[in-house]
Trainee: 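Dropping the structure in here first, questions after.
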Amino acid sequence: MPDKNKLGVLCFIGSEVFFFAVLIVAYIYYRAGGDGGPDAASSLDVTTAGIYTALLLASSLTLWRAEKSVERQRRGRTLLWLLATVLLGGAFLFGQGREYLHLIEQNITVSRNLFGSTFFTLTGVHGLHVLSGLVALLIVLGLALAGDFKGPRAPGLAAVGWYWHFVDAVWIVIFSLVYVWPHL
């Protein structure tokens with residue numbers, strides 16, 4: 001019988017794939033019909049976003065290291081890698097918040113034009129997923145601190161890990177589409 005944690009997360013991720021696909025298609029569709037206002041190429045800082053993207057992707061590596069540390073029953077390393085994952089994910093959200101403030105200072109908002117509407121919707125929904133993942137990771141970190149991961153398996157951590165890696169994979173698509181594609 002499959003692990004209920006993993007099965008639940010897989011079902012959730014399956015529904016989220018469709019949800020993000022709709023948001024991405026909407027972004028592409030409305031990007032093609034630009035209205036002459038601010039757009040991604042003129043408004044977004046690819047380099048800074050790339051740095052925060054690297055931090056988010058590094059968090060997948062640190063989470064994988066935490067999972068390997070659980071398998072090896074190395075509690076201290078598990079805690080260290082989980083904390084690193086949370087900090088890297090938090091740094092990504094901080095960077096997204098900075099970018100939002102910068103755009104708002106330039107009067108680029110959800111109501112300004114189609115770029116603003118689709119950009120803030122797509123990246124904002126992703127940011128909420130990152131925040132949800134961070135909450136789940138903090139819960140897992142709390143469980144690890146309490147000593148709940150005594151054996152070589154931690155199904156809860158694995159399930160949260162699948163979600164976190166999914167969120168990172170979605171960001172690769174979003175970053176490529178929103179930040180890189182306009183400059184090609």
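Since this is a predicted model, take the numbers as computed values, not measurements.
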Trainee: Kindly assign one of parallel, tilted or perpendicular to the pair His126 and Trp171, based on the angle between their ring planes and the thresholds 30° and 60°.
Mentor: tilted

Trainee: Let me have the donor-acceptor pairs involving side chains of residues 14-23, under 3.5 Å, with sequence neighbours excluded, atom names and distances please.
Mentor:
unit_1, atom_1, unit_2, atom_2, d
Ser15, OG, Phe12, O, 2.7
Glu16, OE1, His129, NE2, 2.2

Trainee: Say whether, by atom type as modelled, one donor and one acceptor occur between the side chain of Arg112 and the main chain of Asn107 under 3.5 angstrom.
Mentor: yes

Trainee: Can you check whether Thr123's main-chain N or O pairs, donor with acceptor, with Gln96's side chain at less than 3.5 Å?
Mentor: yes

Trainee: Using modelled atom types only, decide if a donor and an acceptor are shared between the side chain of Tyr100 and the backbone of Gly124 within a distance under 3.5 Å.
Mentor: yes

Trainee: Tell me, yes or no, whether the heavy-atom count around Arg75 atom CZ, taken from other residues, nucleotides or ligands under 6.0 Å, exceeds 12.
Mentor: yes

Trainee: Would a distance-only check, ignoring hydrogens and angles, find a side-chain to backbone donor-acceptor pair under 3.5 Å from Ser60 to His165?
Mentor: no

Trainee: For residues Val160 and Tyr163, determine if any side-chain heavy atom of one lies less than 4.5 Å from a side-chain heavy atom of the other.
Mentor: no

Trainee: If the condition is side-chain contact (heavy atoms from CB on, under 4.5 Å), which residues does Glu71 pass it with, not counting sequence neighbours?
Mentor: Lys68

Trainee: Determine yes or no for a side-chain-to-main-chain donor-acceptor pair under 3.5 angstrom, with Ser117 supplying the side chain and Val110 the backbone.
Mentor: yes

Trainee: Before giving the answer on side chain to side chain contact (heavy atoms under 4.5 Å, CB included), spell out for Leu177 and Tyr27 the whole-Å C-alpha distance, their side-chain angles and the decisive distance to 0.1 Å.
Mentor: CA-CA 9 Å; Leu177 176 69; Tyr27 182 86; 3.7 Å; yes

Trainee: Any side-chain donor paired with an acceptor under 3.5 Å for Ser59 and Trp164?
Mentor: yes

